[in-house]
Q: 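Before we start, here is the structure in question, set down as structure tokens.
All figures in this text were calculated on a predicted structure; none of them were measured in a lab. A note on names: the letters A, B, ... follow the listed sequences, proteins ahead of strands, and every chain is numbered from 1.
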There are 2 protein chains.
Amino acid sequence: MIDVLRNHITNRLGNDLDNLDKVLATFKHIKAKRNEQILRQGDPCKYVYFIAKGCLQVYVYDKDFNETTRDIVIEDNWCSELLSFSSGNPATENIRTVEPCELFAIDRPSFQTMMETSPQFDKVYKQILEASYANSVYRINAFVSLTALDRIKWLMEYRPMLLTRLSSKLIASYLGINKDVFSRLKAKL
Amino acid sequence: MIDVLRNHITNRLGNDLDNLDKVLATFKHIKAKRNEQILRQGDPCKYVYFIAKGCLQVYVYDKDFNETTRDIVIEDNWCSELLSFSSGNPATENIRTVEPCELFAIDRPSFQTMMETSPQFDKVYKQILEASYANSVYRINAFVSLTALDRIKWLMEYRPMLLTRLSSKLIASYLGINKDVFSRLKAKL
DNA sequence: CGTGAACGATGACAAAAGTCTATGTTTTAC
DNA sequence: GTAAAACATAGACTTTTGTCATCGTTCACG
């Protein structure tokens, strides 16, 4: 399973990383069942997670304690609460598994060492951050102006696998739509 | 006016940067009137702008050609379309001045040189990127679940100066609310 | 200055989204 | 395997948001 991570890195940084195995060894392998809490709002986020298998939900609670999902991240991607991870401040978001998962977690000291010993890995962090940012910008631009129906169409176009893979409730909270409304609108398509 | 930028940098990186003046000299000083287009969607974003004075609007058009504003950035902050700037791809967003502005612009080659000659400046990019990302995450978490009225309250709490400084039309487009609705809701507060 | 365009507020109405209840189905956990 | 819980859908109704037209006011620019 570590090969998923190995491939992810060599695809981006090339095969000529002589200390790659050493770096990979610093990752902690985590097997998690469905619905496990990976990070709780208020705790510092100690790890960056690479998802080798499964799917994570990044979410907060609104004033009525409903979940609103900022992001859904699937295998072969990185997931963390980066701002807490890099500052050490308490996390403002929660993370949980929505499927059985296999994760590889790297903590802050190892992450620092990795970036210092091989400057190429510095790129990894920049890539994670830029990808996360791009995702956010995309989401804001799409969502601030779209109606509920158009958000669903947006999801069908850009992340169609989510529609078949996840519960309606979760998708609705990702789209910022009430689940009953989501159910009605789906029927109209 | 360059001192605004000088202070911004020394506040973050300390006073002991011997090549600071050389770096500052690579910035281009731009004076812009109100309502000038700084970046057009489709063009590559060639600069990162430091706003010494004034205010910029980052926006896109929705399917009905209404503007939706992803961000409003005021003086003593950085503004760019970072993803285009760092990749060279066409920008997906527009930027314009909403007030008379004084900007300091740095292009990609100078930015690279700056980061290579003094690794401390590498931190600047990371800080810009992290701040931009933090801002986006904050905005998504706040906005996906909030009603129009609660978005206005959110703005009153976190960026109250915008309410007095900018037009209702602009604020409404930043909040993702129709301007007539914004006008009505304001009266209710 | 003066004037034409943009702006802000408001009322009437339409459309979209939210809420609540009920019901049947699927999943989970023991 | 079965009972309990969670899930998906649907109808009736309420609330919120959007749209359009109108009318003073303000502001930018010649």
Q: Please state how far atom CZ in Arg165(B) lies from atom P in dC7(C), giving the value in whole angstrom units.
A: 18 Å

Q: Mind calculating the distance between CD1 (Ile152(B)) and C1' (dT16(D)) to the nearest angstrom?
A: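 Atom-to-atom, Ile152(B) to dT16(D), this comes out as 12 Å.
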
Q: Mind checking what makes ring pair (Phe, Tyr, Trp, His ring centres under 6.0 Å) contact with Phe104(B), not counting sequence neighbours?
A: His29(B)

Q: Using a 4.5 Å cut-off between side-chain heavy atoms of Ile, Leu, Val, Met, Phe, Trp and Tyr, which other residues end up in the same hydrophobic cluster as Ile140(A)?
A: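 Grouped by the 4.5 Å side-chain rule, Val144(A), Ile140(B), Val144(B) form the rest of the cluster around Ile140(A).
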
Q: Do Thr97(B) side-chain atoms and Pro100(B) backbone N/O form a donor-acceptor pair below 3.5 Å?
A: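 Answer holds: no.
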
Q: Which residues satisfy the salt bridge (charged side-chain N to carboxylate O under 4.0 Å, His left out) test with Asp64(B), sequence neighbours excluded?
A: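 Once residues adjacent in sequence are excluded, Asp64(B) has no partner under the salt bridge (charged side-chain N to carboxylate O under 4.0 Å, His left out) criterion.
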
Q: Are a donor atom and an acceptor atom from the side chains of Glu130(B) and Ser86(A) found within less than 3.5 Å of each other?
A: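 Glu130(B) vs Ser86(A): donor-acceptor pair found between side chains.
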
Q: Could you write nucleotides 24-30 of chain D as a row of B, S and -, 5' to 3', where a protein heavy atom under 4.0 Å of any base atom gives B, of only sugar-phosphate atoms gives S, and otherwise -?
A: -------

Q: Can you measure Asp64(B) atom CG to dC20(D) atom C1' for me and round it to whole angstrom units?
A: 15 Å

Q: Could you pull out all residues at least two apart from Arg12(B) that satisfy side-chain contact (heavy atoms from CB on, under 4.5 Å)?
A: His8(B), Gln127(B)

Q: Using 4.0 Å as the upper bound for N to carboxylate O, is an ion pair formed by Lys169(B) and Glu67(B)?
A: no

Q: Hydrophobic side-chain clustering at under 4.5 Å (ILVMFWY, transitive links): who's grouped with Tyr59(A)? Put none if nobody.
A: Tyr61(A)

Q: Quick one: name the residues clustered hydrophobically with Val73(B), using the 4.5 Å side-chain heavy-atom rule over I, L, V, M, F, W, Y, and just say none if it's on its own.
A: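 Traced through the cluster, Val73(B) reaches Ile30(B), Ile38(B), Leu39(B), Tyr47(B), Tyr49(B), Ile51(B), Leu56(B), Val58(B), Ile95(B), Leu103(B).
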
Q: Do Gln57(B) and Arg70(B) make a side-chain contact, defined as non-hydrogen atoms from C-beta onward lying under 4.5 Å apart?
A: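 Side chain of Gln57(B) against side chain of Arg70(B), heavy atoms only: no contact under 4.5 Å found.
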
Q: Specify the residues of residues 168-186 of chain B, ordered by number, for which at least one heavy atom lies under 4.0 angstrom from an atom of DNA chain C.
A: Ser168(B), Lys169(B), Asp180(B), Ser183(B), Lys186(B)

Q: Output the residues of residues 141-151 of chain A in contact with DNA chain C, where contact means a heavy atom of the residue under 4.0 Å from an atom of the strand; sort by number or write none.
A: Thr147(A), Ala148(A)

Q: Could you tell me the separation between the CG atom of Asn66(A) and the P atom of dG18(C), rounded to a whole number of Å?
A: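 In whole Å, dG18(C) P and Asn66(A) CG are 11 Å from each other.
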
Q: Less than 3.5 Å apart, which donor and acceptor atoms pair up between the side chains of residues 178-187 of chain A and the rest of the protein, not counting sequence neighbours?
A:
unit_1: Asn178(A); atom_1: OD1; unit_2: Asp180(A); atom_2: N; d: 2.8
unit_1: Lys186(A); atom_1: NZ; unit_2: Ser168(A); atom_2: OG; d: 3.0

Q: Can you tell me the distance, in whole Å, between the CG atom of Asp62(A) and the C1' atom of dG18(C)?
A: 13 Å

Q: Does Ile152(B) reach the side chain of Ile171(B), with side-chain heavy atoms less than 4.5 Å apart?
A: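 Side-chain contact under 4.5 Å: no.
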
Q: Show each protein N/O and nucleotides 2-4 of chain C N/O combination with a separation under 3.5 Å, one pair to a line.
A:
none

Q: If you look only at pairs with a residue in residues 113-132 of chain B, which of them pass as a ring-ring contact (aromatic ring centres under 6.0 Å, His included), with sequence neighbours excluded?
A: Phe111(B)-Tyr125(B)

